[in-house]
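Note sheet for the following structure.
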Protein chains: 2
Amino acid sequence: MLSNTHFSMAIHVLVALAYNDGRVVSSDDLARTVGTNPSFLRGLIGELREAGLVETRLGKGGGALLARRPAKIRLDEVYRATEDRPAVTTHVCDGRSPCPVARNMEELLGGISARLEQVVVAELKKITLAGLLKKYIPRKK
Amino acid sequence: MLSNTHFSMAIHVLVALAYNDGRVVSSDDLARTVGTNPSFLRGLIGELREAGLVETRLGKGGGALLARRPAKIRLDEVYRATEDRPAVTTHVCDGRSPCPVARNMEELLGGISARLEQVVVAELKKITLAGLLKKYIPRKK
DNA sequence: TGAAATGTCACTAGTTTTGGGACAGTTGGC
DNA sequence: GCCAACTGTCCCAAAACTAGTGACATTTCA
């Protein structure tokens, strides 16, 4: 889980939007601060839009802005928006193996994965964009 | 975190060893049930040995066996033994950027990663090999 | 002494991830 | 109405990572 950089980039984008407090920010500007290219970011922003976390504006002067106040955006939503794989990546093993351990491994690992995902989501639910901003980002002058 | 299959394969190996209750099992036999090749598994078993979870025997009749009773092996140890990367894989962004969001992003993401790792380890600490066996693997006849 | 293992290294193949270009469509301002 | 500045989306190339596999010296048992 959280194995690719989508989650961390999404947080960067969202914090940057929160910092810019309602202003529309272009993918070009966001790409510059995140350290990637605008095209890639637009794809990521698309995921956030589908999840209802940001809105985007087409055309000249367009870009992205938060769909809600930073205090109302929690990281569990970001997690669900950006992460498609289960918490534990499992190897494939033969469910029809003569070995009873192999036969039940998928269910066993699935159980562990579900437990981990649950505690991770619960922890992320406690964290809001507003909280992150207050704790880590100095006020704009 | 838990992005490669080492963690899940390690659990498979350990459960298989617990199932075989003290007998020495060769990497060949383990590879068959796990669904990989012996050479790769020997590398993984090496990590478990370094972590003190299994012992291995060289030479003919050699292989691996648990270093302790299944009730004394908890999954947080397996996590630490197999996972080298932090919980949240973060993108690289310029800590000397003029953007105050970028400048503090590493610390921000590090904080989130640490919180997640902590709850994951805490949850894994509740799970023992013995518990997994009892819950998921039918008794040997 | 021979057979059967491990430990370890190196190489390969395949997959995934990221970088980046291109371009139609949309919008705002003059 | 036209131009400039964006997004959304597709595609392809490059890079990184993962797992698969073979080889072989070393160890151990019988």
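Below, chains carry the letters A, B, ... as their sequence lines are ordered, and counting in each starts from 1. Keep in mind that what you see is a predicted model, and the values were worked out from it rather than measured.
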Seminar exercise, completed: Closest to the 5' end of DNA chain C, once His6(A) and Gly63(B) are matched to their nearest nucleotides, is Gly63(B)
Problem set entry | OP1 or OP2 of dT18(D) under 4.0 Å from side-chain N/O of His91(A) | no
For this session: To the nearest Å, give me how far apart CG (Leu44(A)) and C1' (dT9(D)) are.
Result: 15 Å
Exercise. Any side-chain N or O of Arg57(B) less than 4.0 Å from the OP1 or OP2 oxygen of dA4(C)?
Worked result: no
Problem set entry | Spacing between Ile45(B) atom CD1 and dA19(D) atom P, to the nearest angstrom | 15 Å
Exercise. Think Ser27(B) has a side-chain N or O under 4.0 angstrom from the OP1 or OP2 of dT6(C)?
Worked result: yes
Exercise. Has Arg42(B) got a side-chain N or O lying under 4.0 Å from the OP1 or OP2 atom of dT6(C)?
Worked result: yes
Problem set entry | Listed nucleotide nearest any side-chain atom of Leu58(A), set dT16(C), dC6(D), dG8(D) | dG8(D)
Problem set entry | Polar pair under 3.5 Å, donor/acceptor by atom type, side chain Ser39(B), base dT8(C) | yes
For this session: Report yes if a side-chain nitrogen or oxygen of Thr36(B) is closer than 4.0 Å to either non-bridging phosphate oxygen (OP1 or OP2) of dG20(D); otherwise report no.
Result: yes
Problem set entry | Among dT21(D), dC6(D), dT16(C), the one nearest Ser26(A) by side-chain distance | dC6(D)
For this session: Report yes if a side-chain nitrogen or oxygen of Arg49(A) is closer than 4.0 Å to either non-bridging phosphate oxygen (OP1 or OP2) of dG8(D); otherwise report no.
Result: yes
Exercise. Tell me, do Leu129(A) and Leu66(A) make a side-chain contact under 4.5 Å, heavy atoms counted?
Worked result: yes
Exercise. Between dG8(D), dA3(C), dC17(D), which nucleotide has the shortest distance from any of its atoms to the side chain of Lys60(B)?
Worked result: dA3(C)
Problem set entry | Phosphate contact (dA19(D) OP1 or OP2) by Thr5(B) side-chain N/O below 4.0 Å | yes
Exercise. Can you find a heavy atom in the side chain of Val78(B) that is under 4.5 Å from one in the side chain of Leu124(B)?
Worked result: no
For this session: Would you check, one step at a time, whether the test side-chain contact (heavy atoms from CB on, under 4.5 Å) holds for Glu83(A) with Glu117(A)?
Result: CA-CA 11 Å; Glu83(A) 203 64 23; Glu117(A) 183 144 344; over 6 Å; no
